[in-house]
Amino acid sequence: MVNQLLAVDEDKVGKARELARRIAQDIQREIDQTTTVSVERTVARLFGIDGTNADGVPLPNVVVDQVDQDGQLHRGIAFWLANAVVALDQPPQEVAQACARGLSLCSLEIQEPGRVSQVMEEYTRRALKAIKKQRDTRTEMKARLGTGPEPLKYVIVASGNIFEDVKQAQAAARHGADIIAVIRTTAQSLLDYVPYGTTTEGFGGTYATQANFRVMREALDEVSEELGRYVQLVNYCSGLCMPEIAAMGALERLDMMLNDAMYGILFRDINMDRTFTDQYFSRMINAYAGIIINTGEDNYLTTADAYEKAHTVLASNFINEQLGLMAGLRQWQLGLGHAFELDPKMPNGFLYELAMAQTIRQIFPNSPLKYMPPTKHMTGDIFLGHVQNAMFNLASVLTGQSIHLLGMLTEAIHTPHIGDRILSIENAHYIMENARDLGREIKFRPDGIVQKRSEDIVNGTVQFLEEIAAVGLKRAISEGFFADVKRPTTGGKGREGVVRKGMDYVNPIMDAMERELGLVSAGEGGQL
Amino acid sequence: MVNQLLAVDEDKVGKARELARRIAQDIQREIDQTTTVSVERTVARLFGIDGTNADGVPLPNVVVDQVDQDGQLHRGIAFWLANAVVALDQPPQEVAQACARGLSLCSLEIQEPGRVSQVMEEYTRRALKAIKKQRDTRTEMKARLGTGPEPLKYVIVASGNIFEDVKQAQAAARHGADIIAVIRTTAQSLLDYVPYGTTTEGFGGTYATQANFRVMREALDEVSEELGRYVQLVNYCSGLCMPEIAAMGALERLDMMLNDAMYGILFRDINMDRTFTDQYFSRMINAYAGIIINTGEDNYLTTADAYEKAHTVLASNFINEQLGLMAGLRQWQLGLGHAFELDPKMPNGFLYELAMAQTIRQIFPNSPLKYMPPTKHMTGDIFLGHVQNAMFNLASVLTGQSIHLLGMLTEAIHTPHIGDRILSIENAHYIMENARDLGREIKFRPDGIVQKRSEDIVNGTVQFLEEIAAVGLKRAISEGFFADVKRPTTGGKGREGVVRKGMDYVNPIMDAMERELGLVSAGEGGQL
Amino acid sequence: MVQQIRPYGDSWGDGQVQLSFTLPLPAGPKAREAANRLVAQMGLENVQIVHEKDLHGFTFFIIYGRCRHSVDLNQLPEVEADEQPMGFEEINAFIQERIGRRIVVVGACTGTDAHTVGLDAIMNMKGYQGEYGLERYPWFETYNLGSQIPNEALLQKAVEVQADAVLVSQVVTQRDIHIKNLTELVELAEAEGLRPRLILVVGGPRIDRRLAAELGFDAGFGVGTTARDVAGFLAKEVARRLERGE
Amino acid sequence: MVQQIRPYGDSWGDGQVQLSFTLPLPAGPKAREAANRLVAQMGLENVQIVHEKDLHGFTFFIIYGRCRHSVDLNQLPEVEADEQPMGFEEINAFIQERIGRRIVVVGACTGTDAHTVGLDAIMNMKGYQGEYGLERYPWFETYNLGSQIPNEALLQKAVEVQADAVLVSQVVTQRDIHIKNLTELVELAEAEGLRPRLILVVGGPRIDRRLAAELGFDAGFGVGTTARDVAGFLAKEVARRLERGE
Ligand code: B12
Ligand code: B12
Ligand SMILES: Cc1ncc(COP(=O)(O)O)c(C=O)c1O
Ligand SMILES: Cc1ncc(COP(=O)(O)O)c(C=O)c1O
């Protein structure tokens, strides 16, 4: 399916993959011994706990914080909830409401293990069933309505108000957008809870809440049926609440999630152990829910130089791939990220962009690559910006990318206005149809600039992965290997929410998913 | 030098050239027996006649009309002027002024042939010397200052006011324009005289006058020295005054001229004999002056469909080439025209555009091809239009075009505003630098869409030329072979200005140029 | 109820507008100040000069701002909606029945205008965007005079063939040359006493109803017009005049 | 002499302006009429709606028109010209000589803003567009606190290190969040009595002098700023204050 416009050395690719696997396994071994407040809140959510206490604190936080303060989280919230369910003969939601009124979970008498297990199994079964139902609905709708041709046109809405977002998302879909991403409000990633209910007040984005997910999914279902094309929904499974958002997205039928193994560490200064542990469970849920993840390597190029640091993007793609596979994701769920971020003033820059995009395309032939538009070098010159986006659109269709984030001519000015989005869709539509089969028509010269650049990137990647493997991923990050950013191995936000699993730790949801996803033993890697 | 991205069948190209040569020779035989009022006015101008009579009628018209009314033009104006110069012992300009006051040239006594010849030789020598001087100046300036890299960025100014044009031309040059074309006011082409002096009132363009040529050339010389880059000047050597404008351009150092063998017939309904005769002398002057012509095949696609009628463009390129060579132009002076005019909604349209542009490029490797931007399918959507222009810019640099007319985002709205032009230059500059060597990097698949389309165009062209050769060019035009336009062989404007040469006809300028250009006998074709 | 309509960027009432223009001033704080004052006079607030390009003696600006003005939806006149147009068959049937003879039209690109593609799209067989041109309508008799026709010649032909309608195309609009041409045509028709018995129609990419009416035409057609729109209008208008006995 | 400046399309005084916006109305004659009225209120004449796109319930317009307004060149205040900035060496020499001690600056992206690239471009070693950052200046002592710093924390640090100046970066401006943040900072500094002894500087792509002054800052820097611009300003400002004994 993928056009072989370049020669890519399969031995080197194999080597890179093997190095990445070793790097990922080191991390995975640590992950297997750790849980976090967010992982536990996710279990609580999947057991049916929702809503807030009188102060507006979400009930999953109420129960987990309580057990954490009692120093009992190493056993897993599932145990404490199930124990309470048995003790009080009330469902988890009522237990949580009781906690909000003062009930202490760890003060309840420990119940008969068999009955507790039974309760855990029962609520796990319900949770998985709900997720599966949404997955089946998606499968049915995609089959019945179809999706647009790749590259899929992906646009963002970010008005801050979910109801304005809906109008704009529907207008965009009607004009050809295949995927709608609701951008999250500034700094939600650092909130150690997920806000509740529909919201109308965000800055640079709209709060990710379960209610907002539902509102937008309904609006897109409506427009999908109207258009006879399944319009996909994206949000951010990232930050301090990664796995919780995965659970919300699974329940509300999101189709894609921004979800990266390292983004939180690098760009939000979140603690490493916290991030790695959270990403594992979040990915497992995404895997189970049939959600496609979008990794965030494009972000490296907003702080580091796109020409000099191209190999760091590819290396990170390999690492994200391995950590993803280990969490149960399949190749078709790995929307590995890269970006069109070379300085437009660079002579022959377009050739280097093509080299990068085509190389990644050939290395991950079965993954729905996520290609990001120019952002860093966009300026207030909206006319030139629109042309930069045109070249990006061309690069994308020429190299056969999958998930194509439309560049906005107003990138340097504001989050997109309704008209900007339509102009971008028209730009992409024109170019992608007008040059639809260009990628089948050409080959790059074996001794040319593009081929040479591709080889340099692959060589640089292998060497870079060797260096990381030598010191380990955590130290590599702490030494600024990625994105020109250094993060201390033991610092960062959310560190206090990391808990070492006890001998008696139990997470029935994770266990069930691992079983169903065929993850015989985590840390040993998944399946391609 | 030209990249061979496609396979072009050299035999077929040879055959097409041979057919075109036969078609052109038929026409050339007729041309050799004909003169026109415009040809004669050109001789008068080159003998130094300028200015107007009291009613504003240009003096070249005054003298030629007088002789024509006396039925004596078949002898050539040169003879009558030289005769008067000898008779009155006054230079041609004073003779002309006397005519304006009532002197009748044909009433003067016929002078001694030797002295008349001597006078003709003297004024011919002066005219050729003046032209040569401008040619040498251009050669010197181009060598000293250089020109931009190809594709050369060509923009138009068209304010109607030569002094506003100057401001805009200088601004454009300072932003990277290599070539400035001053668009002519609506319908000047149908004036059977050239207006006099600087002008400030045109519609959709500015009058082509010798004074306006001079004003603009001076302004561009100034900016050329400032920038260290020779900025070229273009005007229209077209319409009822083709050879006169050629003479004016030669004297004022224009660098390029829109000049086509058939445009006037097809698009201005000018009489065929008039056009063919005028184009011959006009081209000879351009040849002598070292001016590059730009042919007008792009215009076919404004009335005919660009996909269906691509072969008519290529066929016309061959005919223009042969008629040009027969008039003394060299390959490097033949800016053969074509255009990016496919419907942007056509699937894979860009591939067809590339096929056309690359095919023409390979067939005329030594000619400075003139590539026209999208015009017909531009709309009021300036943003999408800017992107259409971007794709055109890419096609141009990829296929190695020479003279690149920048598309304007406001093409469907108004003649360019000063800001539009700058946006277009930035668009082209970005793309041409960013994809500078793309044409060296790729090859088209031998069994692909692009190759196939190229073959179809070449085959269509050969067949089309065969059909034209069978009926002759004039009948072909009368039957609507080109541009979906039919023109009667004996109709059209300016027909009354066509005069059959007498046995005693003399045109010393033409004779001298033919000699110097090595045109042993016209009708036998020039040199490659 | 007042319903104030403002431009919409990404939320109701935000008034967001983009604009661009060039000032004949060298780039710098003075040009910027002049730009700011101009857009303030236009009624924009929260003005952002997002791009400023030095054109040597001129400065090109790209600006975003919030438009203070608004339009009350309820104060907008009930603008006549684009009528559901009749089809080819329907129009011919209508003419046959209600008029009973062919409608005669004469068309031209007048003045120095040589842009025939638009007029041909309306008048010639082939038509435009899949719609036949007037020539193809059995109940129309058409004369397409082509390009660069003086107003006098056009009216003369109209008289000669006893035309019901005159179709004028005007594409070049620089320095308002079309306004001059079109005004002249109306005046000429009036001077010659032809105005009452001719339906005057003008078309072109910069033409709309409003402008056509202002200039004294009976109808104006812009971008994207097809022969069907014109044929339908003419059929109804001729019928109306017949009925009124005009 | 009055010198009326108008936008320039292709001739003096033609007033040509391009604009685009979306109206929250379905496409059709009503939306068109609303668009026409809006641009008329803005003072545009000869209005051409050159493009109109139906966004289902919304309509996007591209419009050209002639701006009736003008600005009298002679009425423009002598806007202070962008001063010829000092160079790296010159600035250091100036501080050494006129101030005699290092200038202390504390910088941060405040509030929820995490866009550090701009502030880093000014403060860090590496700098921007070939110009060193403040950290590289021997006569500056710099503290870059990074992203998402609350205003309180920033001022606290300023007090702690006895800063001369506080550098704030604000990139996110949606719903005027930057105005809120910046106003809060000034109020806080005033409430704590720090305002007189601190030079408050703000930067970001949507910041300019005018806005900075309005919000009570001593300077504002926008797109394309380099450390040199900031260093030069601070050197002169600290020197000026020293001389006045502030
Ligand atoms: C093709 C073209 C030409 C061709 C014309 C060939 C021909 N035989 O028509 C050629 C190359 C010869 C040409 C020449 C010139 N052109 Co020209 N041309 C164009 C172009 C690219 C397309 C016009 C077109 O064919 N559109 C397609 C038709 C179908 O659309 P339309 O005309 O709008 O018609 C539709 C409606 O308006 C309406 N309509 C039109 N007429 C009528 C009449 C009636 C009765 C009705 C009911 C409806 C109707 O229905 C039509 C179908 O929907 C435009 C730019 C553009 N993209 O629009 C420039 C353009 C129109 N040209 C322009 C100019 C300036 C010229 C020249 C004057 C330049 C010069 N100085 O040499 C010359 C001279 C021509 C002259 N004397 O008039 C300018 C006009 C600027 C202005 N607003 O004043 C334009 C806008 C380009 C530009 N930006 O500079 N041109
Ligand atoms: C890179 C980038 C990011 C990176 C930031 C990485 C980092 N560590 O900085 C990442 C990917 C993390 C990011 C995230 C977001 N971003 Co962002 N981002 C950008 C982008 C592409 C480039 C900004 C940049 O680095 N410019 C280069 C620097 C050098 O320029 P600069 O900031 O203007 O700085 C110069 C001057 O302004 C000045 N200056 C700046 N600060 C200071 C301070 C002082 C004291 C002085 C003197 C001068 C000065 O000097 C600098 C050098 O000349 C812009 C779009 C664009 N092309 O501008 C969007 C953009 C700024 N981001 C935007 C948004 C909305 C976000 C998010 C909120 C989106 C979301 N909801 O997730 C998030 C959250 C970030 C947050 N919490 O603040 C919007 C802001 C819209 C608005 N006007 O409100 C933009 C405009 C994109 C868009 N159109 O939507 N972003
Ligand atoms: C993986 C990932 N997560 C999250 C974000 C968004 O940022 P924030 O952390 O502010 O939600 C991005 C931004 O592009 C991303 O790539
Ligand atoms: C060869 C040639 N002559 C002349 C013109 C210009 O038209 P006009 O005849 O109005 O001068 C063109 C237009 O593109 C052209 O290609």
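Numbered from 1 within each chain, the chains take letters A, B, ... in sequence-line order. Side-chain atoms are counted along with the backbone in the values below, which use heavy atoms only and exclude waters and symmetry mates. Everything quoted here is computed from the prediction, not taken from an experiment.
Only the backbone of B/Ala412 comes within contact range of chain C, with heavy atoms under 4.5 Å apart. Heavy atoms closer than 4.5 Å to chain B are found nowhere in C/Asp120, neither backbone nor side chain. No part of B/Gln170 comes within reach of chain C, as not one of its non-hydrogen atoms sits under 4.5 angstrom from that chain. With a 4.5 Å cut-off on non-hydrogen atoms, B/Asn161 touches chain C through its backbone and its side chain both. In this structure, the portions of C/Thr112 lying under 4.5 Å from any heavy atom of chain B include both its backbone and its side chain. Using a 4.5 Å cut-off between heavy atoms, B/Thr302 contacts chain C through its backbone alone, with no side-chain atom that close.
Residues B/Ile418 and C/Leu55 have side chains in contact (heavy-atom distance under 4.5 Å, counting atoms from C-beta outward). Counting heavy atoms from C-beta on, the side chains of C/Arg206 and B/Ile413 come closer than 4.5 Å. At a threshold of 4.5 Å between non-hydrogen side-chain atoms, the residues C/Asp113 and B/Thr186 do not count as touching. Proximity of C/Lys180 to B/Phe203: side-chain heavy atoms (C-beta onward) are separated by under 4.5 Å at one or more points. At a threshold of 4.5 Å between non-hydrogen side-chain atoms, the residues C/Phe58 and B/Lys167 count as touching.
Side chain of C/Arg175 to main chain of B/Gly204: no donor-acceptor pair is present (N/O by atom type, distance under 3.5 Å, no hydrogens or angles). The main-chain N or O of B/Leu190 is never found under 3.5 Å from a side-chain atom of C/Gln148 such that the two would form a donor-acceptor pair. With B/His175 contributing its side chain and C/His56 its backbone, the two residues share no donor-acceptor pair below 3.5 Å.
Heavy-atom pairs under 4.5 Å with chain C were tallied for B/Leu423, B/Thr379, B/Thr185; the largest tally goes to B/Leu423.
A 6.0 Å sphere centred on CD of C/Gln156 holds no more than 12 heavy atoms belonging to other residues, nucleotides or ligands. Other residues, nucleotides and ligands place more than 12 heavy atoms under 6.0 Å from the CZ atom of B/Phe163. Within 6.0 Å of OH on B/Tyr207 lie no more than 12 heavy atoms contributed by other residues, nucleotides or ligands.
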Determine, step by step, whether B/Ile422 and C/Lys53 satisfy the side chain to side chain contact (heavy atoms under 4.5 Å, CB included) criterion, reporting the C-alpha distance in whole Å, the side-chain angles of both residues, the deciding distance to 0.1 Å, and the verdict. CA-CA 9 Å; B/Ile422 305 300; C/Lys53 173 100 190 169; 4.2 Å; yes
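Once rounded to the nearest 0.5 Å, the distance linking CZ of B/Arg268 with OG of C/Ser147 reads 7.0 Å.
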